[in-house]
Amino acid sequence: MGDGHLALNGTDAYATRAAGLLAKEDSFTLTARARLASAGSTKDQTALSLAGTNGSAVTVKYLASANRWQLAVTDKDGTGSTTSAINAGAVVPNSEGDGDHLALVYSAVFGDVLLYVNGTLAAQEPWDNTWDFTTASLQVGRSLTGSTASGYFAGAIDELRMYRGALDASIVPTVTVLPAGSSIEETVT
């Protein structure tokens with residue numbers, strides 16, 4: 001926390017990790033701390049996504065029209081795929097201080113995906129999918145469909161973590177706690 005955050009400009013800056021981090025069809029958890037560059041942005045912005053060949057398995061983004069975080073899931077990596085999306089309740093994204101802690105939890109056992117914002121369950125979506133997660137790359141600060149990128153994030157992303165397995169609801173709040181005296185640096189480019 002603090003120094004070393006990823007400062008994203010909203011036009012072409014991002015980070016990526018090649019496929020191979022996750023098991024083929026198993027549960028996983030992604031967490032990150034995200035802070036928008038400005039409150040009430042008029043542009044959709046992706047904080048995290050898992051990209052396949054033809055689209056994204058799962059995306060956590062800022063939806064400008066609702067001024068909320070949004071969770072979107074796609075049933076397969078192929079033509080004719082179906083995407084479902086749900087907004088994160090009454091949680092208004094934070095553009096100040098440490099931003100928001102986002103935790104995306106997929107349970108293959110229960111067949112659902114949950115989005116926690118600052119340790120509180122904010123969105124839940126059933127997810128019957130045929131994704132092979134070993135082929136999905138992690139995209140930070142953008143969405144990727146084939147070789148076409150979109151939804152670039154303007155702000156800071158920090159403390160990105162990926163876990164194999166679904167974190168239990170009782171553990172999610174403990175990974176949101178900031179060490180004493182730390183914060184995302186206040187200047188974002």
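Only heavy atoms go into these numbers, but all of them, side chains included; no hydrogens, no water, no symmetry mates.
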**Q** Determine all donor-acceptor pairs shorter than 3.5 Å in which one atom belongs to a side chain in residues 21-30; sequence neighbours excluded.
**A**
unit_1: Ser27; atom_1: OG; unit_2: Ala108; atom_2: N; d: 2.8
unit_1: Thr29; atom_1: OG1; unit_2: Gly165; atom_2: O; d: 2.9
unit_1: Thr29; atom_1: OG1; unit_2: Leu167; atom_2: N; d: 3.0

**Q** Between Asp168 (side chain) and Ser170 (backbone), is there a donor-acceptor pair under 3.5 Å?
**A** yes
**Q** Could you walk me through whether Asn54 and Thr145 pass the side chain to side chain contact (heavy atoms under 4.5 Å, CB included) check?
**A** CA-CA 5 Å; Asn54 299 297; Thr145 301; 5.7 Å; no
**Q** For Asp12, does its backbone N or O pair with a side-chain atom of Arg142 as donor and acceptor, under 3.5 Å?
**A**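 Looks like no, no N/O pair under 3.5 Å.
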**Q** Give the minimum heavy-atom separation between Thr11 and Lys43, together with the two atoms involved.
**A**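 Scanning both residues completely, I find the closest heavy atoms to be N-NZ, 4.4 Å.
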**Q** Would you check if Thr31 and Tyr163 make a side-chain contact, meaning some heavy-atom pair closer than 4.5 Å?
**A**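 The answer is yes; the side chains approach within 4.5 Å.
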**Q** Do other residues, nucleotides or ligands put more than 12 heavy atoms under 6.0 Å from Asp128 CG?
**A** no
**Q** Within the side chain of Arg33, is there an N or O that forms a donor-acceptor pair under 3.5 Å with the backbone of Ile157?
**A** no
**Q** Without hydrogens or angle criteria, can the side chains of Thr46 and Ser143 be said to hold a donor-acceptor pair below 3.5 Å?
**A**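 Result is yes, a qualifying pair exists.
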**Q** Sub-3.5 Å donor-acceptor pair from the side chain of Asp100 to the main-chain atoms of Asn118, do we have one?
**A** no
**Q** For the residue pair Asn87 and Ala66, what are the closest heavy atoms and their distance?
**A**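 Closest heavy-atom pair between Asn87 and Ala66: ND2-CB, 3.5 Å.
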**Q** Side chains of Thr120 and Val91, heavy atoms from C-beta outward: is any pair under 4.5 Å?
**A** no
**Q** Evaluate side chain to side chain donor-acceptor pair (under 3.5 Å) for Asn67 paired with Tyr62, printing each intermediate quantity in order.
**A** CA-CA 7 Å; Asn67 193 30; Tyr62 167 73; 2.9 Å; yes
**Q** Taking the side chain from Trp131 and the backbone from Thr74, do they hold a donor-acceptor pair closer than 3.5 Å?
**A** yes
**Q** Between the side chain of Ser49 and the main-chain N/O of Ala51, is any donor-acceptor distance below 3.5 Å?
**A**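 No; zero donor-acceptor contacts below 3.5 Å.
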**Q** Please give me the minimum heavy-atom distance between Leu138 and Met162, naming the atom from each residue.
**A**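 Minimum heavy-atom contact is CD2-CE, 3.9 Å.
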**Q** Does Phe153 have its ring centroid less than 6.0 Å away from the ring centroid of Tyr14?
**A**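 No; Tyr14 has its ring centre 6.0 Å or more from that of Phe153.
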**Q** Are a donor atom and an acceptor atom from the side chains of Gln139 and Thr16 found within less than 3.5 Å of each other?
**A** yes
**Q** Before giving the answer on side chain to side chain contact (heavy atoms under 4.5 Å, CB included), spell out for Val117 and His101 the whole-Å C-alpha distance, their side-chain angles and the decisive distance to 0.1 Å.
**A** CA-CA 6 Å; Val117 179; His101 186 270; over 6 Å; no
**Q** Short question: side chain of Ser38, backbone of Ser41 - any donor-acceptor pair under 3.5 Å?
**A**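 No; judged by distance alone, with no hydrogens or angles, the pair does not exist.
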**Q** Can you see which heavy atom on Asn9 is nearest to which on Ala13, and at what distance?
**A** OD1-N, 3.2 Å
**Q** Side chain to side chain contact (heavy atoms under 4.5 Å, CB included), that's the test. Do Tyr152 and Leu8 meet it? Break it down for me.
**A** CA-CA 8 Å; Tyr152 284 99; Leu8 300 170; over 6 Å; no
**Q** Carefully, step by step, assess Val58 and Trp127 under the rule side chain to side chain contact (heavy atoms under 4.5 Å, CB included).
**A** CA-CA 10 Å; Val58 63; Trp127 193 22; 4.1 Å; yes
**Q** Do Leu104 and Leu71 have side chains that approach each other closer than 4.5 Å (heavy atoms only, starting at C-beta)?
**A** yes
**Q** Could you check whether any side-chain N or O of Gln45 sits under 3.5 Å from a backbone N or O of Ala154, counting only pairs where one atom can act as donor and the other as acceptor?
**A** yes
**Q** Please examine the side chains of Arg68 and Leu63, heavy atoms only from C-beta on, and report whether any two atoms are closer than 4.5 Å.
**A** no
**Q** For Lys76, is there any backbone N or O sitting under 3.5 Å from a side-chain donor or acceptor partner on Asn129?
**A** no
**Q** Just one of Leu115, Leu114, Asp112, Ile86 clears the side-chain contact (heavy atoms from CB on, under 4.5 Å) bar with Glu125, so which one?
**A**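 In the set Leu115, Leu114, Asp112, Ile86, the residue that makes a side-chain contact (heavy atoms from CB on, under 4.5 Å) with Glu125 is Ile86.
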**Q** Any side-chain heavy atom of Gln70 sitting closer than 4.5 Å to one from Val60?
**A** no
**Q** Do Val105 and Val113 have side chains that approach each other closer than 4.5 Å (heavy atoms only, starting at C-beta)?
**A** no
